[in-house]
Protein chains: 2
Amino acid sequence: MENHEHSVQEAVQEMVQTMASKGWRITDQRRSLAALFAEAPGYLSPKDVYESMRQKYPGVSFDTVYRNLRLLSEMGVLEQFYLNDGLKFRARCHSHHHHHMICLQCEKTMPFEFCPMKQLSHLPDDFQIVNHRFEIFGYCPECAGERAATT
Amino acid sequence: MENHEHSVQEAVQEMVQTMASKGWRITDQRRSLAALFAEAPGYLSPKDVYESMRQKYPGVSFDTVYRNLRLLSEMGVLEQFYLNDGLKFRARCHSHHHHHMICLQCEKTMPFEFCPMKQLSHLPDDFQIVNHRFEIFGYCPECAGERAATT
DNA sequence: CTGCCTGCAAAGGCTTTGCATAGGT
DNA sequence: ACCTATGCAAAGCCTTTGCAGGCAG
């Protein structure tokens, strides 16, 4: 939309190349799917994806959407997340490690740099850490504004 | 099992009283359900709960389990959590604020005190924070041992 | 041309809902 | 006695699977 136009293109290319490198066929739909996630500011449900794809491919079916979401997740291009109202997907961040603030209304995500694991000490040291999760939920500036206005 | 026998009883009482105070009937099954969660060291799936309840009440039905899990969640007695393999429940911690380490194998949870929000500064201050989530995933001492032994 | 990808249809899980009966208050 | 909670059955999602035809490589 603004000046990240370039990185969106890059992201699509990266996803497509990942698919191709694993021997998957690059269909129009899969390219569109990659573009959809590259541009999405937040999480998308299978239904969101279906609705969105249907505008361009009226005959698209739910099972194809599910198949590709699943495959893209298994391959690490997308990441799954259970928000309160079900399973959602977003492009996985391949850049440096960071965490997100997630808007409870529009589900847009905003990255921030602080990682609690750096500060963390004296845990029981016999617990073998594999990964972690840290998210802050709330309302983004736009949604917070709306809510304040209508209340 | 050991010396937290007392607090388990207390927890059951607390849950039962919460139900009663909202005008709900205290059936044997609901009391058992409360006991089940008071004693559970980690997360339970609806199926786990069903299997467990069935031992005591062979005629129990899945829909009753779901109904009560839902009601207890809405009332704040239980909390829901999507682990990788589906929706799970556990008794909500009513004590002081803390976070958990969660074992990827046995799904047992272990509390710890560190909260990243205390350390957190310079987030975009126009994001209106509502709540947050911080979990560390890995293997608990027992499961880590098993894994090391069998590998 | 070959074999994966798609759309269709149907099945599979998990969860919810409607109704008559059992049971708490 | 009243009214909620339960069990049964069926329906409702959401997601996956099997199959024949279409399309990328």
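FYI, side chains are in, hydrogens and waters are out, and symmetry mates aren't considered; it's all heavy atoms of this structure. All of these numbers come straight from a predicted model, not from anything done at the bench. We name chains A, B, ... by the order of the sequence lines, and we start the count at 1 in each one.
- Straight-line distance from the OH atom of Tyr57(B) to the C1' atom of dA22(C): 15 Å, rounded to whole Å.
- One can place CD of Gln80(A) at 9 Å from P of dT16(D), the figure rounded to the nearest angstrom.
- Side-chain contact between Leu72(B) and Phe89(B): absent, with no pair of heavy atoms (C-beta onward) separated by less than 4.5 Å.
- Here the side chain of His99(A) pairs a donor or acceptor atom with the backbone of Phe134(A) at under 3.5 angstrom.
- Here dG25(D) is the nucleotide among dG25(D), dG7(D), dT25(C) with the atom lying nearest to any side-chain atom of Arg25(A).
- Distances shown here put a side-chain N or O of Gln29(B) below 4.0 Å from the OP1 or OP2 atom of dG7(D).
- Listed pair Thr27(A) / dT6(C) meets the phosphate criterion, a side-chain N or O lying under 4.0 Å from OP1 or OP2.
- Separation of atoms CG (Leu104(A)) and CZ (Arg147(A)) is listed at 8.0 Å; rounding is to 0.5 Å.
- Contact check for Met117(B) versus Ile129(B): side-chain heavy atoms found under the 4.5 Å cut-off.
- Counting to the nearest Å, the C1' atom of dT17(D) and the CG atom of Leu71(A) are 14 Å from each other.
- Between the CG atom of Asn68(A) and the P atom of dT17(D) there is a distance of 14 Å, given to the nearest Å.
- Checked by atom type and distance alone, the side chain of Tyr43(B) never pairs as donor or acceptor with a backbone atom of Ile102(B) at under 3.5 Å.
- Looking at the side chain of Thr64(A), the nearest of the listed nucleotides dG7(D), dA5(D), dG7(C) is dG7(C).
- For the pair Asp28(B) CG and dG23(C) C1', the interatomic distance rounds to 10 Å; values are reported in whole Å.
- Checked for salt-bridge contact, Glu74(A) and Arg70(A) meet the test: a charged N lies under 4.0 Å from a carboxylate O.
- Residues Cys106(B) and Glu142(B) fail the side-chain proximity criterion, which asks for heavy atoms closer than 4.5 Å.
- Checking the phosphate oxygens (OP1, OP2) of dT6(D), a side-chain nitrogen or oxygen of Arg30(B) falls inside 4.0 Å.
- The distance from atom CE of Met19(B) to atom C1' of dT25(C) is 16 Å, rounded to the nearest whole Å.
- Arg31(B) has its CZ atom 17 Å from the C1' atom of dT6(D), to the nearest Å.
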Pick out the pairs of N or O atoms, protein on one side and nucleotides 8-11 of chain C on the other, that lie under 3.5 Å.
unit_1: dC8(C); atom_1: N4; unit_2: Asp63(A); atom_2: OD1; d: 3.3
unit_1: dC8(C); atom_1: N4; unit_2: Asp63(A); atom_2: OD2; d: 3.1
unit_1: dA9(C); atom_1: N6; unit_2: Asp63(A); atom_2: OD2; d: 3.1

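- The CZ-P distance, from Phe62(A) to dG7(C), rounds to 13 Å in whole Å.
- Heavy-atom distances to DNA chain C give each of Trp24(B) and Arg70(B) a nearest nucleotide, and the one nearer the 5′ end belongs to Arg70(B).
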